[in-house]
Visitor: 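Dropping a structure here in structure tokens format, bear with me for questions.
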Number of protein chains: 2
Amino acid sequence: MRTDTVYKKAFNRAANMLRDGQLAGELPSENELRRRMCVSRTTVRKVLRELLNRELVTERHGLRATGRAVGDNDYYPDAETTPRAKHVEQQFMEWMLRGDTRPGTSINELELARQFGVATNGIREFLIRFSRFGLIEKRPNTGWLFKGFTEDFALELFEIRVMFELRSAQLFSLQPNSSPLWSKLAALKMAHADLLERIESRFHDFSGLDNRFHRLINEASPNRFIDDFYDIITFIFHYHYQWNKQDEKQRNLAAIHEHIAYIDALESRNSTRIEAACRAHLASARETLMRSLTGFDETSINA
Amino acid sequence: MRTDTVYKKAFNRAANMLRDGQLAGELPSENELRRRMCVSRTTVRKVLRELLNRELVTERHGLRATGRAVGDNDYYPDAETTPRAKHVEQQFMEWMLRGDTRPGTSINELELARQFGVATNGIREFLIRFSRFGLIEKRPNTGWLFKGFTEDFALELFEIRVMFELRSAQLFSLQPNSSPLWSKLAALKMAHADLLERIESRFHDFSGLDNRFHRLINEASPNRFIDDFYDIITFIFHYHYQWNKQDEKQRNLAAIHEHIAYIDALESRNSTRIEAACRAHLASARETLMRSLTGFDETSINA
DNA sequence: AAGTTGTTTTTTATGGATAAAGTTCATGCT
DNA sequence: AGCATGAACTTTATCCATAAAAAACAACTT
């Protein structure tokens, strides 16, 4: 059966809105709510029905946000607000990056399906989607081959990344002064400076910043293939670093400084400087990944 | 039910082998046949059973290729040797490139499934695979958006293609003299010259040559992401030109000359010359595509 | 006429079943 | 022992079913 995660997530959002007083007084129309919560009206109505049922809102001509206060246990647990497909993704990434899955292993749809508690269909769809990341390969009628999260992979990934980023950075710097992206860039520089001050406690915030930065650079001259490639990077890094937190503060600190230098270079519009700053940053990011990769391998060999 | 296209294709291959006399005398062992036909022994046995049943081979202690001659109507029709998934691909590409599907159209899995006579699952798997080509985009719970086979698409595609090809061509030229790829390149040059002589009748052969050439260039310094990207190009061009044959001979002739110049440049190992030849060829390929694209659009608008 | 809510229809996400194809195990033959 | 065939088992490709979510339609209300 299809999961009702959309409803549950919407319900939680609505509960939050109630709690924050965003819905004080008479409730907005179903259409208005629909727009705010980014779901269909069908789902909004289901949420409203349940809110009423739990007496979190009351009916007096129109619906009003005058029910009892929202309690912590009114919320659906997080796990129930994530669709199956996402769970498959998470479990697969853990299986791949955590387990002792060696390059060359073959992947069995049925076995994964059993292990993750989903139908084979879901596994297969995930694998098809995942295959564009260059880590697995399909052999028809037979199954999938895991090619390994290896140094080769990282090298090839970074070779492309450098090409793309150099291209985008140069094009960014050629924008007219009037472009709104310059002020976005300035804002981002401030955000970096801010984070630098709070680095001790907030160092995890860097990854969001990193993303915004690299996506901003691509915005000046969009190319769907570059965007797609950046999705790969984001995805890989997200999961890889989720399970590999060594030196996180240290390496984020270094990266912030590199970003700032990179931003300065962009603002200078000096092509040579830009190239240098861009290369420096990416070389360092690559080193970090490679180090953690080899470290990773060794620990799993010794384990 | 799963199709038996693997069996039917294997059967046809076996029939061919019989006809060619490749299996004269006592038949090889099942394992040997399995290897030659690239299928499992299970499938080989099914083929053998049917060959026997149709008296195309006879049993006298061992199986012998002494049955009646293979007739033209012993073969299964081509359509039955292609798996469903491939049919979906073909029908979808036709739907997309032939029909009047405008950019911004939304794609309905169920409707396509009905139209193509397959289950929705097959459509969905195809769309997921196809999405990496940058022509469609998924919106969760809602469907797919067709972004259009537009000029933008072609421009973005070629921007990447140029970057990748320049990179690969330069790296190719840096190979040591001892590399076997040089002789492959020379062979390819010959093949081009040959084709040039027979151009009047054999001009379709160019597309195979084109593929071999560009893949050869990538071979010198492999990168899976570049290979993947080249898959996109191959795929797109395959279908696009399949339905758009205007000037085929003319443009292939031009391309052959460009390739030869390009190969000469590579052999000269002169970086500047290589870049020029490479750019010239790709610019011309891009023009061809763009021209056919706008032509395409106009006719479908006027239709 | 534009915006509400109630109802019905369509479509997507997900599970399940099964024939075909692949793989492994068992037995027998040189 | 090593390879051949036969039989049993496992996995993939494919279809079908259905609850959840979205979209379309209809009837009101101001």
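Here the structure is a predicted model, which means the values were calculated and not measured. Just so it is clear: chains get the letters A, B, ... in the order the sequence lines come, proteins before strands, and each one is counted from 1.
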Visitor: Would you tell me if any nitrogen or oxygen in the side chain of B:K9 comes within less than 4.0 Å of OP1 or OP2 on C:dA20?
Guide: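 Looking at the OP1 and OP2 atoms of C:dA20, neither is under 4.0 Å from any side-chain N or O of B:K9.
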Visitor: Does the cation-pi check pass for B:R54 over B:Y76, that is, NZ or CZ under 6.0 Å from the six-membered ring centre and within 45° of its axis?
Guide: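 The answer is yes, since B:R54 meets both limits relative to B:Y76.
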Visitor: Under 4.0 Å, counting only non-hydrogen atoms across every strand here, what does A:K86 touch: a base, just sugar-phosphate, or nothing?
Guide: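 It contacts nothing in the nucleic acid.
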Visitor: Reading nucleotides 17-22 of chain D 5' to 3', which nucleotides get B (base under 4.0 Å from a protein heavy atom), which S (sugar-phosphate only), which -?
Guide: --BBSB
Visitor: How many angstroms lie between CG in B:L51 and CG in B:L23, if you round to the nearest 0.5 Å?
Guide: 9.0 Å
Visitor: Round to the nearest Å and state the distance from B:I123 atom CD1 to C:dT11 atom P.
Guide: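 So the two atoms are 13 Å apart, to the nearest Å.
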Visitor: Rounded to whole Å, please give me the gap between CZ in B:R49 and C1' in C:dA21.
Guide: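 From B:R49 CZ to C:dA21 C1': 13 Å.
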Visitor: Does B:T101 use its side chain to pair, donor to acceptor, with the backbone of B:W95 at less than 3.5 Å?
Guide: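 Yes, B:T101 side chain to B:W95 backbone: donor-acceptor pair under 3.5 Å.
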Visitor: Would you please classify the geometry between the A:Y241 ring and the A:F237 ring as parallel, tilted or perpendicular, with 30° and 60° separating the classes?
Guide: perpendicular
Visitor: Determine: side-chain N/O of A:R114 to OP1/OP2 of D:dT11, distance under 4.0 Å, yes or no.
Guide: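 So the side-chain polar atoms of A:R114 do come within 4.0 Å of the phosphate oxygens OP1 or OP2 of D:dT11, strictly under.
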Visitor: Say you draw a straight line from CD of A:E137 to CZ of B:R224; how long is it, rounded to the nearest 0.5 Å?
Guide: 9.0 Å
Visitor: A:W144 has an atom CH2; how far is it from atom P of D:dT11, in whole Å?
Guide: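 To the nearest whole Å, that distance equals 17 Å.
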Visitor: To the nearest 0.5 Å, how far apart are CG in A:L27 and CG in A:L48?
Guide: 6.5 Å
Visitor: Nearest of D:dT5, D:dT12, C:dG16 to any side-chain atom of A:R124?
Guide: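 The nucleotide sitting nearest to the side chain is D:dT12.
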Visitor: Can you tell me how far C1' of D:dC3 sits from CD of B:E30, to the nearest Å?
Guide: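 Spelled out: CD on B:E30 to C1' on D:dC3 is 12 Å.
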Visitor: Any side-chain to backbone donor/acceptor pair from A:R13 onto A:R36? Under 3.5 Å, distance only.
Guide: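 Indeed, once roles are kept as given, a pair shorter than 3.5 Å links the two residues.
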Visitor: Name the residue closer to the 5' end of DNA chain C, choosing between B:N108 and A:V118 according to the nucleotide with the nearest heavy atom.
Guide: B:N108
Visitor: What is the distance, to the nearest angstrom, from the CG atom on B:L112 to the C1' atom on C:dT12?
Guide: 13 Å
Visitor: Polar-atom pairs under 3.5 Å, protein N or O versus N or O of nucleotides 27-30 of chain D: list them with distances, or write none.
Guide:
none

Visitor: Figure out the CG/P separation between A:L110 and C:dG22, and round it to whole Å.
Guide: 17 Å
Visitor: When the nearest nucleotide of DNA chain C is assigned to A:T82 and to B:E111 on a heavy-atom basis, which residue is associated with the more 5' position?
Guide: B:E111
Visitor: Any non-hydrogen side-chain atom of A:Y7 less than 4.5 Å from a side-chain atom of A:V39?
Guide: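 Side chain of A:Y7 against side chain of A:V39, heavy atoms only: no contact under 4.5 Å found.
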Visitor: State the CG-OH distance between A:L97 and A:Y239, to the nearest 0.5 angstrom.
Guide: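 The distance works out to 10.0 Å.
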Visitor: Using atom CZ of A:F116 as one end and atom C1' of C:dT14 as the other, report the distance to the nearest whole Å.
Guide: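 Atom-to-atom, A:F116 to C:dT14, this comes out as 17 Å.
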Visitor: Round to a whole Å and report the spacing from CZ of A:R139 to P of D:dT11.
Guide: 14 Å
